Amino acid sequence: MFQRWWFVGQMRPGGGAGPVRGKGPSREAQHLIIEEWEAAYERLQRIAAERVAAVGDVLREAELPSGEQELDAVARRDYQWALDAFAAAGKVLDEAGDLPDLAAAAVLAERALERFAAVHARLAGAAHPPRPAERCYYNPLHAAAERPHRPEKRSARRRVRPREAAADRRPGCASCRKAILAGQAPDVLPALIPVKVSRLRTARVLVPYYSVPQKWSLWSLSACGAYGDEWPALVLQGEHRRRRPKITSAPAGGARRA
């Protein structure tokens, strides 16, 4: 996603941003960080808006085969979850402050459509509606995660190599798995966070979205809403806003305030 990566070199134990050893990024480097983040934000905002709008079109045009009043308890629960997830997607999109927010808007909208399709499938007589594809942990907007293809019978003497173990640790798309197996970094969705570099100075740096302390983000725990069903309700309660880090000084380059 980015041509250059600017990661936190040191995080304070126990979560939260602590002082970064050294002087932190120079003003020129900070300007590049913000400039690159803003360009990525604009691109991802367009993508998320298009995906949410497309799901909205489908949901508006679709009709439940037997009417909502005919749904059984499971179908009613899934139908309501789909409506809540789509509402949450729109809310996150409207109130987004960082790249993971935009990714979460797209993911929640797509999951709403998947759940709605499952309701349709059950009402149409499908005993086992298709399971939603597992999303790439490194960037949930990538292609679906690809599970490793291992021979069912392998020699007990064969040891799993470190890179294979690393690739298997989290679900990843084919591209991210290939990068890890080659000893390279996957194309991770970044987040912009404040890091204290001195007593009087706070800089902004890009880090993998899943390394953001959970007290600052719903999305670091849930892969931007890809895993677990509690996120729509939390978004509708405003939890995604309450967890944002508070910034007291404006960064160089005019980045959006968290």
Side-chain angles (χ1 to χ4, degrees), residues 1-2 5-6 8 17 33-57 59 81-114 135-142 187-195 202-258:
M1 176 174 282
F2 283 79
W5 265 102
W6 309 88
V8 174
I33 293 170
I34 301 302
E35 187 178 63
E36 202 161 303
W37 176 86
E38 287 180 336
Y41 189 99
E42 291 180 5
R43 291 196 303 271
L44 190 51
Q45 187 177 45
R46 288 195 297 270
I47 292 171
E50 289 171 359
R51 295 194 184 187
V52 172
V55 170
D57 290 341
L59 295 182
W81 190 92
L83 296 180
D84 289 346
F86 181 71
K91 186 176 179 66
V92 172
L93 180 62
D94 290 341
E95 300 173 353
D98 199 359
L99 303 175
D101 293 322
L102 297 173
V107 168
L108 289 173
E110 291 173 354
R111 290 193 65 195
L113 187 58
E114 291 171 349
R135 286 175 168 80
C136 177
Y137 179 86
Y138 302 99
N139 187 331
L141 299 182
H142 285 173
D187 182 22
V188 176
L189 175 72
L192 188 71
I193 67 169
V195 175
T202 298
R204 290 208 176 179
V205 295
L206 291 169
V207 301
Y209 81 92
Y210 49 77
S211 71
V212 178
Q214 292 176 16
K215 67 179 182 179
W216 283 0
S217 173
L218 288 180
W219 315 130
S220 60
L221 176 64
S222 63
C224 296
Y227 304 110
D229 284 354
E230 61 269 43
W231 316 114
L234 290 174
V235 168
L236 295 177
Q237 294 167 12
E239 184 64 22
H240 62 299
R241 293 194 310 272
R242 286 191 286 272
R243 293 201 185 197
R244 288 179 183 164
K246 300 298 186 292
I247 309 299
T248 57
S249 58
R256 303 168 192 267
R257 294 178 63 86

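Predicted model only: the values in this text are computed from it and were never measured.
Here CD of Q45 is found 7.0 Å from CG of L93. Values are rounded to the nearest 0.5 Å. E230 CD to Q237 CD: the interatomic distance, rounded to the nearest 0.5 Å, is 11.0 Å. With values rounded to the nearest 0.5 angstrom, R135 atom CZ is found 11.5 Å from S222 atom OG. The CG atom of L59 lies 6.0 Å from the CZ atom of F86; values are rounded to the nearest 0.5 Å. Rounding to the nearest 0.5 angstrom, the gap separating the SG atom in C224 from the CG atom in L102 is 9.5 Å. D84 CG to W81 CH2: the interatomic distance, rounded to the nearest 0.5 Å, is 9.0 Å.
The two atoms that bring S217 and S220 nearest to each other are OG-N, 3.3 Å, heavy atoms only. The two atoms that bring W219 and G225 nearest to each other are CE3-N, 3.6 Å, heavy atoms only. Among all heavy-atom pairs drawn from W216 and I193, the shortest one is CZ3-CB, 4.2 Å. Among all heavy-atom pairs drawn from P100 and A191, the shortest one is CG-CB, 3.7 Å. Nearest heavy atom pair, residue A109 against residue V55, reads O-CG1, 3.4 Å. Between A105 and V52 the shortest heavy-atom distance is O-CG2, 3.7 Å.
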- [ ] Begin with the C-alpha distance, continue with both residues' side-chain angles, and end with the deciding distance and a verdict on side chain to side chain contact (heavy atoms under 4.5 Å, CB included) for L192 and I34.
- [x] CA-CA 9 Å; L192 188 71; I34 301 302; 4.1 Å; yes
- Dump the intermediate steps for side chain to side chain contact (heavy atoms under 4.5 Å, CB included) on E95 and D101, then the final yes or no. CA-CA 8 Å; E95 300 173 353; D101 293 322; over 6 Å; no
Under the side chain to side chain contact (heavy atoms under 4.5 Å, CB included) criterion, do V212 and V207 qualify, and how do the steps go? CA-CA 7 Å; V212 178; V207 301; 3.9 Å; yes
Exercise. Starting from the C-alpha separation in whole Å, work towards a yes-or-no answer on side chain to side chain contact (heavy atoms under 4.5 Å, CB included) for L189 and L141.
Key: CA-CA 9 Å; L189 175 72; L141 299 182; 5.6 Å; no
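Listed by chain and number, the residues in a side chain to side chain contact (heavy atoms under 4.5 Å, CB included) with A223 are Y137, P140, Y209, A226, Y227 (sequence neighbours excluded).
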